Amino acid sequence: MEGLYKVEYDINDGSGRSVLYAHAGKMLGGNTAFAHLGSYEIVNGEIVARLRTKRHSRSPQHRSLVSSDAVTISIRGRQQGMLYRFEGEVVEDASVFRAVMTPLGDDDVPPPGAVGEGGIVSGLYSIDIRMLDGITGGHTGVMLLRDGRILGGDAFFYYLGAYSSANGRWKGEFVNQEHTLAKSEHPLFGGYEVGIGFSGHCDDKGADMEAIALAGKRSIRLAATLKLIEPFARAGR
């Protein structure tokens, strides 16, 4: 089941969407407000997973569907055709949790860039994207950086790309694509496959970037701040 997925889930009377990357027994991802970090194993043909959630955006528009911003989710599931279906519970309050994972396909990720001394740390980051030049709007989500590759997304979009980094600098490119129709919520990027090239500074806590996005025939300048949520080596423990 290794790869990048859209996750649609139901908790109590609410529902939500995330992106999630599964690889080598770890699950990492998130959405507009929350990060997900966990692990999985295959037991007698069944996928057994345990994930932690952690809020990364303090926006009051994005409320938690459970009793706390930080909870543990225990789930079990199986593959059904191209999908994976899970059921389980939120451990802290026994809320019923159901999820469907749909593969997004990360075969189009470009070759990884080189990461040298002083390069950005591999791990799961929050990303806060802000439009420049007087354009209103922005996005928050998560971005997974690992050895020169970029994966990530939020409740509407997913990212695929590559970067190189050394000596406190980094640069790269990624494509922002819809996994769920976004035109009504995000008219600037909704309906487009948006190519984004960037450069910026980085340290062991995060990074910044200035970028140019090409949405249709429109060129848009933007800036973003990344904050390290968890280094890759520790994620899922």
Side-chain angles (χ1 to χ4, degrees), residues 2-6 18-24 26 28-32 35 56-57 104-133 135 137-154 156-179 182 186 188-189 192-216 218-233 235:
E2 297 195 356
L4 184 66
Y5 293 85
K6 174 178 74 171
S18 297
V19 294
L20 194 67
Y21 179 60
H23 175 76
K26 291 185 172 62
L28 298 164
N31 56 27
T32 311
H56 65 76
S57 171
L104 292 171
D106 54 6
D107 295 337
D108 294 332
V109 179
V115 180
E117 185 176 354
I120 193 166
V121 175
S122 288
L124 183 67
Y125 290 77
S126 65
I127 180 169
D128 183 355
I129 300 173
R130 308 172 303 281
M131 305 303 167
L132 301 178
D133 300 326
I135 299 174
H139 306 293
T140 57
V142 295
M143 183 172 276
L144 175 64
L145 306 179
R146 188 184 182 197
D147 301 329
R149 292 188 185 276
I150 296 173
L151 298 166
D154 57 35
F156 291 94
F157 302 103
Y158 68 103
Y159 318 138
L160 301 173
Y163 67 93
S164 58
S165 182
N167 301 318
R169 302 280 303 181
W170 76 312
K171 62 180 180 179
E173 59 184 0
F174 62 97
V175 177
N176 181 92
Q177 302 177 74
E178 287 179 319
H179 60 67
H186 300 285
L188 199 60
F189 284 177
Y192 298 103
E193 183 175 295
V194 181
I196 300 173
F198 69 88
S199 63
H201 297 85
C202 61
D203 58 27
D204 59 356
K205 296 182 177 61
D208 59 53
M209 68 166 73
E210 291 192 359
I212 295 178
L214 300 177
R218 190 174 184 181
S219 177
I220 302 166
R221 288 202 318 126
L222 56 88
T225 301
L226 284 81
K227 295 182 180 180
L228 182 62
I229 297 172
E230 190 148 349
F232 191 84

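Everything numeric here is computed off the predicted structure, so don't read it as measured data.
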Any idea which heavy atoms bring A35 and I229 closest together, and the distance?
CB-CD1, 3.6 Å
Give the minimum heavy-atom separation between A162 and G113, together with the two atoms involved.
CB-N, 4.4 Å
Do side-chain atoms of S165 reach the backbone of V115 as a donor and acceptor pair under 3.5 angstrom?
no
Rounded to the nearest 0.5 Å, the CG atom of D154 sits from the NE2 atom of H179 at a distance of 6.0 Å
Do L28 and E230 have side chains that approach each other closer than 4.5 Å (heavy atoms only, starting at C-beta)?
no
Got a sec, which residues hit side-chain hydrogen bond (donor to acceptor under 3.5 Å, both in side chains) with S199, two or more places apart in sequence or on another chain?
none
Side-chain touch Y159/V142, heavy atoms, less than 4.5 angstrom
no
Find out whether L214 and Y192 are in side-chain contact, i.e. whether some heavy atom of one side chain is under 4.5 Å from a heavy atom of the other.
no
I need the L4 CG to K6 NZ distance, nearest 0.5 Å.
12.0 Å
Go through the structure and list residues passing side-chain hydrogen bond (donor to acceptor under 3.5 Å, both in side chains) with N167, not counting sequence neighbours.
none
Sequence-distant partners of L228, side chain to side chain contact (heavy atoms under 4.5 Å, CB included), two or more places apart
V121, Y125, P231
Solution key, residues 144-153 side-chain donor-acceptor pairs under 3.5 Å, sequence neighbours excluded:
| unit_1 | atom_1 | unit_2 | atom_2 | d |
| --- | --- | --- | --- | --- |
| R146 | NH1 | H23 | NE2 | 2.8 |
| R149 | NH1 | P110 | O | 3.0 |

With sequence neighbours excluded, residues passing side chain to side chain contact (heavy atoms under 4.5 Å, CB included) with A224:
I127, I129, M209
d(L222 CG, F189 CZ) to nearest 0.5 Å is 5.5 Å
Side-chain touch F174/Y163, heavy atoms, less than 4.5 angstrom
no
Would you name the heavy atoms of G29 and L20 that are closest together and state the gap between them?
N-CD1, 3.8 Å
Looking at residues at least two apart in the chain, or sitting in another chain, which of them share a side-chain hydrogen bond (donor to acceptor under 3.5 Å, both in side chains) with S18?
N31, H36
With salt bridge (Lys or Arg N to Asp or Glu O under 4.0 Å) as the rule and sequence neighbours excluded, what pairs involving residues 203-213 come up?
none
After noting the C-alpha distance and the side-chain angles of D128 and R130, does the key distance pass the side-chain contact (heavy atoms from CB on, under 4.5 Å) rule?
CA-CA 7 Å; D128 183 355; R130 308 172 303 281; 4.1 Å; yes
Determine whether more than 12 heavy atoms belonging to other residues, nucleotides or ligands lie under 6.0 Å from atom CG of L132.
yes
Kindly write out the residues that satisfy side chain to side chain contact (heavy atoms under 4.5 Å, CB included) with E173, not counting sequence neighbours, or none if the list is empty.
none
Mind checking side-chain hydrogen bond (donor to acceptor under 3.5 Å, both in side chains) for H139 and listing every partner two or more places apart, or none if nothing turns up?
H186
The ring pair (Phe, Tyr, Trp, His ring centres under 6.0 Å) partners of Y158 (sequence neighbours excluded) come to none
For A166, enumerate each residue passing the side chain to side chain contact (heavy atoms under 4.5 Å, CB included) test, keeping only those at least two apart in sequence or located in another chain.
none
CE on M131 to CG on L188, rounded to 0.5 Å
5.0 Å
In this structure, CG of L124 is separated from CE of M143 (nearest 0.5 Å) by 10.5 Å
